[in-house]
K.L.:
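Have a look at the structure that comes next, please.
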Amino acid sequence: MKNFRLITIFIFAITALSLIGCMHSSEPATGGACGTVVDSTGRALSGVTVSAGGQSTVTDFYGKWSLDSLSPQILNFVASKENYQTQTKSYEVLSGIILENITFALPSNTEIYDIVISDVTSTKATITFQTKYEATTRIAYGSNAQMEKTISSSSGHKFSHTFELTSLIPATTYVFQCLGTDRYNRKLSSEIMTFTTNVASRGEPPTGLKIAKVYGNSAFSLSWNADAQADLAGYNVYRSTSLTGVFEKINSGIVQLNSYVDSGVTVGQKYCYRVTRVAGSGDESSASEVVSMVMPGVVNTNLVWNSQGSPYELSGDLIITKDASLIISKGTEVRIAGNDKWDIEDEAETDLVGITVYGTLLVQGTQSEPVAMTSGENIPQSGDWDGIIFKDSADLTASSIKGLKVQFAKTGITGEKGLPQITESSFYNCSICGISCSESSTDVKISDCEIVSCVTGISVDNSSATINIADNTFQSCSYAIKAMENSLNAITGNKIKSNVVAAIEVNGINSASTVSRNTIGWGTGGIGIVCNGSDEIRRNTVQANICIQVKETANAFIRSNLLLADKERNSMGVLFVSSLINSANLKVQNNGVWNQTSPTLKYGNSFGDSITVSGDLNFNSTTGPALQGGDPFTKALTDSSFSYIPSSGSILKKAGFDSNEDMGAEDVPN
């Protein structure tokens, strides 16, 4: 019995020890993990399923989650939620250890991902990223958390986005965030990220940049001083169509030499260039000074010159072909070289530069913001450049000249077979003529222009159409207006000052041609009006040495003119250049000659004989016609603002050929 008890105790002890051994053998203690899930803006995200090792849980309102009883091993923790991108992270679970602060940042399916920072130099960095749906995007960035700068895309909605940040500060950490709006108008934002620019190693910018046209080709040759600084990789060449425009790099690889030829240019277009130095690190220097030039040659496209691109420096002829056009906007400045620098055939012969129009030229200046065309020479001289020439095939209907200011040309505008309408323009110091035209079969209209110090102001001849020259001002020209052998002249309302040889010379073929209401004076010498043909000279105010001269060939009517002939200078009213005293081709009616009392000097022929007149108006020798400016024989000689307008109650009232018309260019005030 005793032995039986001992055996029982022994068996129980062995069993107990066996159970204890099993508890410490092959089954380790479990572990756990906990953390938070947020969206890409850092806000807590609830309802996210987090799973690992066959277990799962869901985040609460605060985005919190936890998993218990995880077997010790390396596990993939997966966070997923509908309409968000699934994210996986790997961690090692240790026996008896709780992994804390595991954070998932889930972007939604419409947000930004795959952000890559590349090509970082001391001044530049490239940032690329993707969006789930097409979106317009931008990048906010800065050297601190304020991210005060923004660069936006201009290419509309797309999936892939690339931005180049430029003008950065070397050795500086930048903070940035990718932002945008998708096509469903949902706002996008990435996490805030950083990058650091390199230490600067750019070197000094190139010097001595020069530009020239390649002879015989529509290409520009650029050259600059060679660089002797260390760590030189080469150069980059940048081009723009204006000084204030965007300069874009045009070389495909780094330029190794200190020269470059740009053949990708358009004739008639202005190009601006600058060059940078590239260091071995890839960092670029600041840009060189800018050089610019208009490519001369034959224009085969439609061009626009504007004030933003000014000045346009033309160093060779510009030829606008039949199907091409040039539009010049208000405020544009054009500087033209004294001779063609590129295509001259004989170096001993000066080849003047000009603009030749076979197609369309449209000048759109205003009186306050004219289009200015002038000499590009350091010391400008009259006749420095050829001017604008409209060929016989030019589209005169589509062309128009308004608000153009021409200086120092040979002839400002030439029409070989006609002219476009020319208004509100000015011409200064032209060595031959301000405006010239021959053989026009379409009407010519030139109005509201100012022409100063040109040998001839306006010359139009041998034209079969109406020549309308009205309301222009001329000063210090040898000839102001020459309208010869034209079918029909209509020369009206012009003001001519300080003229030298003849103010107006006409030879109209049609008896309906008129020279009327023009005022000639303000120190004008020589002849006021020369009539050679069938023109009616009517209601003009003329003060000159010879007020009106009529050639023997004329079939003229001289009516209602106020002629100021200074007897102290032996001035004449009307001179008939003929031996005939009473010509059937000359009718002088209802004119007034003031201050000349000699009958043959008032109205006479070249032999000193009087000519037959009718209705002559006799003035009181003291008050005369009573002009508002006073005495024209003292004041008008030196005062360019002298008024030839009659005073109220002047004797000129209704004294003209027609009983209802006043005498002279100006109406008598009531």
Side-chain angles (χ1 to χ4, degrees), residues 123 166-167 202-229 232-279 284-299 303-318 326 328 331-344 353 355 372-380 384-385:
T123 59
T166 59
S167 302
R202 300 184 294 168
E204 297 299 320
T207 59
L209 180 61
K210 297 178 181 179
I211 185 172
K213 179 184 180 295
V214 176
Y215 284 92
N217 290 289
S218 297
F220 286 126
S221 173
L222 301 167
S223 63
W224 54 92
N225 296 332
D227 193 309
Q229 303 173 71
L232 172 67
Y235 309 91
N236 283 328
V237 180
Y238 292 85
R239 184 181 73 190
S240 175
T241 54
S242 75
L243 292 172
T244 58
V246 176
F247 280 81
E248 297 181 347
K249 189 176 74 170
I250 59 175
N251 52 294
S252 56
I254 293 178
V255 177
Q256 301 295 328
L257 302 176
N258 58 316
S259 63
Y260 185 81
V261 174
D262 182 16
S263 58
V265 298
T266 300
V267 172
Q269 179 66 62
K270 176 182 177 178
Y271 293 94
C272 305
Y273 295 90
R274 63 190 187 192
V275 181
T276 62
R277 177 190 191 274
V278 183
E284 286 187 81
S285 70
S286 55
S288 68
E289 292 185 352
V290 176
V291 295
S292 64
M293 185 181 289
V294 175
M295 175 56 68
V298 178
V299 177
L303 293 174
V304 176
W305 290 357
N306 52 43
S307 60
Q308 291 79 13
S310 291
Y312 291 83
E313 297 177 342
L314 191 58
S315 57
D317 288 332
L318 195 69
L326 172 60
I328 309 179
T332 302
E333 180 183 359
V334 184
R335 299 174 186 170
I336 297 129
N339 57 78
D340 195 321
K341 300 180 183 298
W342 315 113
D343 299 314
I344 186 168
V353 176
I355 298 175
M373 290 188 179
T374 188
S375 168
E377 299 300 296
N378 292 330
I379 303 177
D384 271 353
W385 60 287

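Residue numbers run from 1 in the order of the sequence given.
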K.L.:
Testing the basics here: between Ser218 and Val267, what is the closest heavy-atom pair and its distance to 0.1 Å?
P.N.:
OG-CG2, 3.5 Å
K.L.:
Hey, what do you get for CD (Gln269) to CE (Met295), rounding to the nearest 0.5 Å?
P.N.:
11.0 Å
K.L.:
Counting C-beta onward and ignoring hydrogens, is there a side-chain heavy-atom pair between Val214 and Ser221 closer than 4.5 Å?
P.N.:
yes
K.L.:
Verify, without hydrogens or angle tests, whether Asn217 (side chain) and Ala219 (backbone) share a donor-acceptor contact under 3.5 angstrom.
P.N.:
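The answer is no, because no donor-acceptor pair under 3.5 Å joins these two groups.
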K.L.:
Please report the C-alpha distance between Leu314 and Val353 in whole Å, then the side-chain angles of each, then the deciding distance to 0.1 Å, and finally whether the side-chain contact (heavy atoms from CB on, under 4.5 Å) criterion is met.
P.N.:
CA-CA 8 Å; Leu314 191 58; Val353 176; 4.2 Å; yes
K.L.:
So, the side chain of Asp384 versus the backbone of Gly338: is there a donor-acceptor pair under 3.5 Å, distance only?
P.N.:
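Between the backbone of Gly338 and the side chain of Asp384 there is no qualifying donor-acceptor contact (under 3.5 Å).
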K.L.:
Return the CD1 to CD1 distance between Ile355 and Ile336, rounded to the nearest 0.5 Å.
P.N.:
5.5 Å
K.L.:
Between Ser310 and Glu333 (side chain of the first, backbone of the second, donor and acceptor by atom type, cut-off under 3.5 Å), is there such a pair?
P.N.:
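Yes; judged by distance alone, with no hydrogens or angles, the pair exists.
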K.L.:
Spell out, as yes or no, whether a donor-acceptor pair under 3.5 Å connects the side chain of Ser375 to the backbone of Pro380.
P.N.:
no
K.L.:
Tyr312: what forms a ring-ring contact (aromatic ring centres under 6.0 Å, His included) with it, not counting sequence neighbours?
P.N.:
Trp305
K.L.:
Which atom names give the shortest non-hydrogen contact between Asp317 and Pro296, and what distance separates them?
P.N.:
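Closest approach of Asp317 to Pro296: O-CB, 3.5 Å.
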K.L.:
Would the distance check show the side chain of Thr332 and the main-chain N or O of Ser307 forming a donor-acceptor pair, the cut-off being under 3.5 Å?
P.N.:
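Answer holds: yes.
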K.L.:
List the atom of Ser285, the atom of Gly203, and the distance in Å for their closest heavy-atom pair.
P.N.:
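So the two residues come closest at CB-O, 3.4 Å.
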K.L.:
Side chains of Val237 and Lys249: closer than 4.5 Å at any heavy-atom pair?
P.N.:
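They are not in contact (no side-chain heavy atoms under 4.5 Å apart), so the answer is no.
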K.L.:
Stepwise, does the side chain to side chain donor-acceptor pair (under 3.5 Å) test hold for Asn258 with Asn225?
P.N.:
CA-CA 7 Å; Asn258 58 316; Asn225 296 332; over 6 Å; no
K.L.:
State, without any angle test, whether Tyr238 and Glu284 hold a side-chain donor-acceptor pair at a distance under 3.5 Å.
P.N.:
yes
K.L.:
Nearest 0.5 Å, please: how far is CD1 in Ile328 from CG in Asn306?
P.N.:
10.5 Å
K.L.:
Would you say Asp262 and Arg239 make side-chain contact, with heavy atoms under 4.5 Å?
P.N.:
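Side-chain contact under 4.5 Å: yes.
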K.L.:
May I ask you to test the Ser292-Tyr271 pair for a side-chain heavy-atom distance under 4.5 Å?
P.N.:
no
K.L.:
Just how far is it from atom CG of Leu209 to atom CZ of Arg274, taken to the nearest 0.5 Å?
P.N.:
11.5 Å
K.L.:
Are Trp385 and Met373 side-chain neighbours, meaning at least one heavy-atom pair lies under 4.5 Å?
P.N.:
yes
K.L.:
Is it true that a side-chain atom of Ser240 and a backbone atom of Leu243 form a donor plus acceptor pair closer than 3.5 Å?
P.N.:
no
K.L.:
So Thr207 and Asp227, do their side chains get closer than 4.5 Å, heavy atoms only?
P.N.:
no
K.L.:
Calculate, to the nearest 0.5 Å, the distance between atoms CG and CD belonging to Asn236 and Glu248 respectively.
P.N.:
13.5 Å
K.L.:
Any non-hydrogen side-chain atom of Lys213 less than 4.5 Å from a side-chain atom of Ser315?
P.N.:
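They are not in side-chain contact.
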K.L.:
Run the side-chain contact (heavy atoms from CB on, under 4.5 Å) check on Val290 and Tyr273 step by step: do they pass?
P.N.:
CA-CA 5 Å; Val290 176; Tyr273 295 90; 6.0 Å; no
K.L.:
For Lys210 and Val291, indicate whether the former's side chain and the latter's backbone hold a donor-acceptor pair under 3.5 Å.
P.N.:
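No, Lys210 side chain to Val291 backbone: no donor-acceptor pair under 3.5 Å.
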K.L.:
Quick check against the 3.5 Å criterion: does Ser288 have a side-chain atom that pairs as donor or acceptor with the backbone of Val275?
P.N.:
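Yes, the answer is positive, given that a donor and an acceptor are paired below the 3.5 Å cut-off.
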K.L.:
Counting C-beta onward and ignoring hydrogens, is there a side-chain heavy-atom pair between Leu318 and Val298 closer than 4.5 Å?
P.N.:
no
K.L.:
Would you mind telling me which of Tyr235, Phe220, Trp224 makes a side chain to side chain contact (heavy atoms under 4.5 Å, CB included) with Tyr260?
P.N.:
Trp224
